[in-house]
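Lettering follows sequence order; numbering is per chain, from 1.
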Amino acid sequence: MKFPKKLCEDTVLEYIRTKTPLSGVPAGVELPPNTDLGDLAIALPLRIAKKLQKNPMEIAQDLAEYLLSNRPELEAVEVAKPGFLNCRFSDRYLIKEMLRIVDADSLELPQIGQDSSILIEFVSANPTGPLHVGHGRGAIYGDVLARLFQAFGYRVEKEYYVNDGGSQIERLGRSLKLRLKEEAGATVDFESELYKGKYLKKLARRPEIDVSMSVEELAKFSKKEILSWIFDSLKKSRIEFDNTVFESEVASRSKIERIIEKLAAVDLVYEKEEALFLKTSSLGDDKDRVLIRGNGEPTYFINDLAYHLNKFDRGYDRMINVWGHDHHGYQQRLLSGMEALGCEKSRLEIKLYQLVDLYRAGEPVKMSTRAGEFVTLDELLEEVGADAVRFNFLTKNHNSPLDFDIDVATSRTEENPVYYVQYAHTRLASILRKAGSDFENSVVGSELSKASHDLVFKTLCFPGFLEDVLKGREPHKITFWLRELASKFHTFYVEHRVINYEDEELTTLRLKLVELLKLTLKTGLNLLDVRAPDKM
RNA sequence: GCGUCCGUAGCUCAGUCAGGACAGAGCAGCGGCCUCCUAAGCCGCAGGUCGGAGGUUCAAAUCCUCCCGGACGCGCCA
């Protein structure tokens, strides 16, 4: 099935191809500023008038006639100054599509990803402390992105990369040891590099460990415990992973050596001041980067190269990394490194999300894992609930910093936009419950009111809209779209009574619309993994 | 200093990638609406030099240049 906008675009492109000498011109089909003008607007004549040396109004007139005779789904195409076209679809077409979708009980998203596999790596927070709200934002973004790809037929794997190498784990062990000493009555002094969070105090009281254990043993213990906290928090956010990959396994000594050999073979490494460098500056990075430190220890960077080489070797068509914006300076380094290893770097895509600035009663809360002063994702989930957290983290573009005032989020839960959309779904369910199976008239030749026409048209555009959302990796647009549809429905609900035993044909038609709207809201909420309740 | 992102209504933000018809929501404010499918809702009013200045264009919030403000990054940390 083709969506309304796609139908129009195809015909406009056909017109360009057959009736003009131009090529490579986008169709310019868009939504009009308001629905009184029509269902779709076309600005093409204004864009090509100069190239064709013609009056835009003349082109518009010609294109309008072409559209009307080649697109039977269109009922009217009007020309407007200074050269716009406004298209209106016929009620017959909209009703036919509506009935088809309602009968199938599915929006039938095109399975454009059927032959592609995709790996989405996200969260990947270090196992040195519980997840905070900032992690939550990346988690929801990655998860919904994965769900979107799945809905379009892609084979998707969700992956968590555990940075359990390097000095941070050793510091974690030392931090826990200090807390144990403290428990035993000693006065302790924390270096600035150590983790001072209260979660380690909690851990220090666990019976399995005691102060005599080595830093290494304590590190292993706390890493395992904290990781299970993290996966618990994610589960409460309705997020589960297909793969968990450990840095300690994927970046073993032998694998590191193999990477160095590979890079040396293409003459991209050199030694300087006892350290081994990669010539990333010749591949687009600002400067060369250290692979092996002067003390012989591998850097995080070379371990990451090993991990990503492992990813590439697994043969996915596309790999997406979701990172916090504080890593943006690291992007080029990784991409240059992968290029040095001969990987096709266009298969790897890095999406950054801006961090969350937390406020409490208008006052900024400084978050730092080491200082241990932060609000955990668990606390937020506890106070606000998974539906509201998931929905709200997607009400802003991932490129924009998110200001999150805890007091606002917790004290005004009724005003949360997620309830607005859920309530629309509830009202729809309530109407269907009430109507039962009393109305079974034929509606094929019916006419739609303006409000119904607009509602059907908008929902028919949803699959195409989702495809755009997927291509742009911008799942936050779904929450805006759902809010818009809910708003249009709430208005419709107040102005039109659906169930009316005096006019069964009209009632049947409106019930079909109700079914269509309910299915659409449910599909959208499912993509976000937010509940679509029948009762509230 | 260099780099990335952000700057749109009192507040939080869509819209910027693919330039088009009077710049849109939500919240907060003010005023209305429940004998009727859930008022967690609806309707109306008010609120804007789209950070600033130039430029390109028939047309700029959108593209280009410069400037101002904010966040983040620029380790042999991860």
Side-chain angles (χ1 to χ4, degrees), chain A residues 26-28 30 32-34 37 41 43-47 49-50 56 80-84 86 124 126 128 163 165-169 171 193 247 272-277 286-287 289-301 303-304 324-333 352-355 357 362 369 395-405 408 412-424 426-435 471-472 474 476-477 479-481 483-484 486-487 489-500 507 510-511 514 535-536:
Chain A
E30 52 200 46
N34 72 66
L37 293 169
L44 181 79
L46 290 162
R47 293 184 187 167
K50 199 168 208 174
K81 281 192 255 187
F84 290 102
N86 293 311
S124 297
N126 296 340
T128 54
N163 295 127
S167 52
Q168 56 172 346
I169 294 297
R171 285 202 296 267
E193 292 290 284
E247 181 181 0
K272 191 177 110 188
E273 293 160 13
E274 316 236 310
L276 193 67
F277 282 75
D286 298 341
K287 48 180 144 178
R289 306 292 178 175
V290 176
L291 294 169
I292 304 290
R293 294 179 201 134
N295 65 8
E297 287 296 313
T299 56
Y300 173 81
F301 176 46
N303 286 356
D304 218 17
H325 194 262
D326 53 341
H327 288 77
H328 76 260
Y330 184 71
Q331 278 181 100
Q332 189 54 53
R333 192 188 311 187
L352 302 177
Y353 62 92
Q354 287 279 359
L355 303 179
D357 290 319
T369 307
T395 53
K396 280 152 194 96
N397 187 315
H398 61 271
N399 271 331
S400 298
L402 173 64
D403 287 342
F404 202 106
D405 193 312
V408 171
R412 298 193 216 164
T413 49
E414 312 82 31
E415 286 165 16
N416 202 304
V418 69
Y419 294 120
Y420 183 80
V421 176
Q422 288 180 319
Y423 184 54
T426 298
R427 277 181 150 179
L428 290 159
S430 176
I431 295 170
L432 293 175
R433 230 179 3 250
K434 190 115 179 169
K471 285 179 180 154
E474 293 177 311
H476 72 280
K477 290 184 174 174
T479 63
F480 284 89
W481 196 92
R483 201 147 60 174
E484 257 174 51
S487 166
F489 164 67
H490 281 309
T491 299
F492 176 85
Y493 179 91
V494 169
E495 288 173 0
H496 305 78
R497 190 177 163 84
V498 174
I499 299 171
N500 177 6
T507 300
R510 286 184 176 165
L511 283 172
V514 166
K535 287 184 178 174
M536 285 172 78

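Remark: of the listed residues A:Val290, A:Ile292, A:Asp304, A:Val290 is the sole one forming a side chain to side chain contact (heavy atoms under 4.5 Å, CB included) with A:Thr299.
For the C1' atom pair drawn from B:C63 and B:G19, the interatomic distance equals 7 Å after rounding to whole Å. Nucleotides B:G24 and B:G15 are separated by 8 Å at their C1' atoms, to the nearest Å. For B:G75 and B:C67, the C1' atoms lie 32 Å apart once the distance is rounded to whole Å. Taking atom P in both B:A61 and B:C22, the straight-line distance is 12 Å, to the nearest Å. Taking the C1' atom of each, B:C74 and B:G20 are spaced 41 Å apart, rounded to whole Å. Only the P atoms considered, B:G44 is 14 Å distant from B:C27, to the nearest whole Å. Nucleotides B:G10 and B:G29 are separated by 16 Å at their P atoms, to the nearest Å. B:A9 and B:G55: their C1' atoms are spaced 29 Å apart (whole Å).
Rounded to an integer number of Å, the gap from A:Lys50 NZ to B:U56 P is 12 Å. At whole-Å resolution of the value, CD in A:Gln354 and C1' in B:C72 are 7 Å apart. The separation between A:Asn295 atom CG and B:C77 atom C1' is 13 Å, rounded to whole Å. Rounded to whole Å, the distance from CZ on A:Phe489 to P on B:A40 is 14 Å. For the pair A:Ile292 CD1 and B:G75 P, the computed distance is 19 Å after rounding to whole Å. The CE atom of A:Met536 sits 18 Å away from the P atom of B:C37 (whole-angstrom rounding). Taking atom CG on A:Asp326 and atom C1' on B:C77, their separation rounds to 13 Å, with Å as the unit. At whole-Å resolution of the value, CG in A:Asn86 and P in B:G20 are 15 Å apart.
Between A:Asn163 and A:Ser124, the shortest heavy-atom contact is OD1-O, 3.9 Å. For the residue pair A:Leu37 and A:Asn86, the shortest heavy atom distance occurs at O-CB, 3.2 Å. Nearest heavy-atom pair, A:Ala275 versus A:Gly294, reported as atom, atom and distance to 0.1 Å: CB-N, 3.9 Å. Across all non-hydrogen atoms, the minimal contact from A:Pro298 to A:Asn303 is CB-OD1, 3.9 Å.
Within 4.0 Å of A:Asn500, counting heavy atoms only, lies no atom of the nucleic acid at all. If you check every strand for non-hydrogen atoms under 4.0 Å, A:Lys471 touches nothing. Residue contacts for A:Phe301: at a heavy-atom cut-off of 4.0 Å it reaches no nucleic acid atom on any strand shown. Contact annotation for A:Glu273: base contact, defined as any heavy-atom pair under 4.0 Å involving a base atom. Counting non-hydrogen atoms under 4.0 angstrom, A:Ala41 reaches a base of the nucleic acid.
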Anything under 3.5 Å between a protein N or O and an N or O of nucleotides 13-18 of chain B, put it in a table, one pair a line.
from	atom 1	to	atom 2	distance (Å)
B:C13	OP1	A:Pro401	O	3.1
B:A14	OP1	A:Asn397	N	2.8
B:A14	OP1	A:Ser400	OG	3.1

Using nucleotides 42-47 of chain B, report all nitrogen or oxygen pairs with the protein that are shorter than 3.5 Å.
from	atom 1	to	atom 2	distance (Å)
B:C42	OP1	A:Tyr420	OH	2.5
B:C42	O3'	A:Thr491	OG1	3.4
B:C43	OP1	A:Thr491	OG1	3.0

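Aromatic ring orientation, A:Phe489 versus A:Tyr493: perpendicular (interplanar angle above 60°, classes split at 30° and 60°). Using cut-offs of 30° and 60° for the angle between ring planes, the A:Phe301 and A:Tyr330 rings count as perpendicular.
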* Are A:Lys396 and A:Gln354 close enough, and set up right, to give a side chain to side chain contact (heavy atoms under 4.5 Å, CB included), and what steps lead you there? -> CA-CA 10 Å; A:Lys396 280 152 194 96; A:Gln354 287 279 359; over 6 Å; no
* To do: Carefully, step by step, assess A:Val498 and A:Phe492 under the rule side chain to side chain contact (heavy atoms under 4.5 Å, CB included).
  => CA-CA 9 Å; A:Val498 174; A:Phe492 176 85; 4.3 Å; yes
* To do: Carefully, step by step, assess A:Glu474 and A:Asn397 under the rule side chain to side chain contact (heavy atoms under 4.5 Å, CB included).
  => CA-CA 7 Å; A:Glu474 293 177 311; A:Asn397 187 315; 3.9 Å; yes
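Atom NE2 of A:His325 sits about 5.5 Å away from atom CG of A:Leu352, to the nearest 0.5 Å. Atom-to-atom distance recorded for A:His327:NE2 and A:Arg333:CZ is 10.0 Å, nearest 0.5 angstrom.
In the set B:G20, B:C5, B:A39, B:A39 carries the atom at the smallest distance from any side-chain atom of A:Tyr493. Of the candidate nucleotides B:C37, B:A78, B:C76, B:C76 has the atom lying nearest to any side-chain atom of A:Phe277.
Summary of the strand contacts: A:Gly165 and A:Pro82 both lie near RNA chain B, and taking for each the nucleotide with the nearest heavy atom, the more 5' one is attributed to A:Pro82. Take the nearest nucleotide of RNA chain B for A:Pro33 and for A:Glu247: the residue whose nucleotide is more 5' is A:Pro33.
The glycosidic torsion of B:C34 lies within 90° of 0, placing the base in the syn range.
Inspection of the A:Gln168 and A:Asn126 side chains reveals an N or O donor paired with an N or O acceptor under 3.5 Å.
The side chain of A:Arg333 places no N or O atom within less than 4.0 Å of a non-bridging phosphate oxygen (OP1 or OP2) of B:G73. Contact check, A:Lys287 against B:C2: no side-chain N or O comes under 4.0 Å of OP1 or OP2.
Not a single donor-acceptor pair, N or O on each side, falls under 3.5 Å between the base of B:A21 and the side chain of A:Asn34. At a cut-off of 3.5 angstrom, counting only N and O atoms as typed in the model, there is a donor on one side and an acceptor on the other between the side-chain of A:His328 and the base of B:G3.
Shown here is A:Glu30, whose CD atom has more than 12 heavy atoms of other residues, nucleotides or ligands within 6.0 Å.
Base-pairing analysis of RNA chain B finds the following stems of at least three consecutive Watson-Crick or G-U pairs, with both pairing distances under 3.5 Å: B:1-7 with B:68-74, B:10-13 with B:24-27, B:29-33 with B:41-45, B:51-55 with B:63-67.
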